[in-house]
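Below, chains carry the letters A, B, ... as their sequence lines are ordered, and counting in each starts from 1.
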Amino acid sequence: KNEVEQSPQNLTAQEGEFITINCSYSVGISALHWLQQHPGGGIVSLFMLSSGKKKHGRLIATINIQEKHSSLHITASHPRDSAVYICAVSPSGNTGKLIFGQGTTLQVKP
Amino acid sequence: GAGVSQSPRYKVAKRGQDVALRCDPISGHVSLFWYQQALGQGPEFLTYFQNEAQLDKSGLPSDRFFAERPEGSVSTLKIQRTQQEDSAVYLCASSEQTSGVFSYEQYFGPGTRLTVT
């Protein structure tokens, strides 16, 4: 079993829909990261959080440390949101290396 | 300011050839990470530097993989006698600092896509 699991693996939505991507992890962490990767492009950090909730524009990330679960929400989705969204954790007491989930491929159709 | 850069962006190597992949981190960033991303998968950790010291190389898949960061800035990942299973995107990331208690945001380069034929 992977230490970081994401669901769903693939997601297709219509423009304007509310989207949720889930991440569960099995190790103790110092932080959880949500990352975005466009085809052929590099990885961009969206959020780094260790508790509660963060919001940036139409993106919201939440984390429940007790349940070892995080969600990434996209409100009013747009075709330009189409990308791979990756959840990654920084294990506590570690060097800062990240353990990644397998990614969620999101396609938003106009 | 300049982000993390990697070169080459694409590399095709014949099986058995040696390759060298370069990473230029953000100026002043203490920590540097190498990750390997197979097609359709999430990245996997290879190795980590704090300044010039290689503090963790537990993710290097074999002794054919070697990384260095001699002056604490630019890093090179070298793969000797490449095999087809080495085909992947190699990502470099840097961050300001790292510790076991706090995490810092990592900034990723565009990656080098290595294809071994």
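- When side chains are defined from C-beta on, B:Tyr35 counts as touching A:Phe100, because their heavy atoms get closer than 4.5 Å.
- Residues B:Pro43 and A:Ile86 have side chains in contact (heavy-atom distance under 4.5 Å, counting atoms from C-beta outward).
- Within a 6.0 Å radius of CD in B:Glu85, other residues, nucleotides and ligands contribute more than 12 heavy atoms.
- In this structure, A:Ser90 and B:Gln106 have side chains that are not in contact, with every pair of non-hydrogen atoms separated by 4.5 Å or more.
- With rounding to the nearest 0.5 angstrom, the CE atom of A:Met48 is 9.0 Å from the OG atom of B:Ser95.
- A:Leu46 and A:Val84 fall into different hydrophobic clusters, defined by Ile, Leu, Val, Met, Phe, Trp and Tyr side-chain heavy atoms under 4.5 Å apart, directly or through other members.
- Contact annotation: the side chain of A:Gln37 approaches that of B:Gln37 to within less than 4.5 Å [non-hydrogen atoms, C-beta and beyond].
- Residues A:Val89 and A:Phe47 share a hydrophobic cluster, clusters being chains of Ile/Leu/Val/Met/Phe/Trp/Tyr side chains in contact below 4.5 Å.
- With values rounded to the nearest 0.5 angstrom, A:Ile99 atom CD1 is found 10.0 Å from B:Phe45 atom CZ.
- In terms of heavy-atom pairs under 4.5 Å with chain B, the best-connected choice from A:Gln9, A:Gln102, A:Gln6 is A:Gln102.
- Within 6.0 Å of CZ in A:Arg58 there are more than 12 heavy atoms belonging to other residues, nucleotides or ligands.
- Other residues, nucleotides and ligands contribute more than 12 heavy atoms inside 6.0 Å of the NZ atom of A:Lys68.
- Within the 4.5 angstrom heavy-atom criterion, only side-chain atoms of B:Arg9, from C-beta onward, approach chain A.
- B:Leu46 and B:Tyr48 fall into different hydrophobic clusters, defined by Ile, Leu, Val, Met, Phe, Trp and Tyr side-chain heavy atoms under 4.5 Å apart, directly or through other members.
- For B:Glu44, the CD atom counts as loosely surrounded, since its 6.0 Å shell holds 12 or fewer non-hydrogen atoms of other residues, nucleotides or ligands.
- Residues A:Leu35 and B:Phe108 have side chains in contact (heavy-atom distance under 4.5 Å, counting atoms from C-beta outward).
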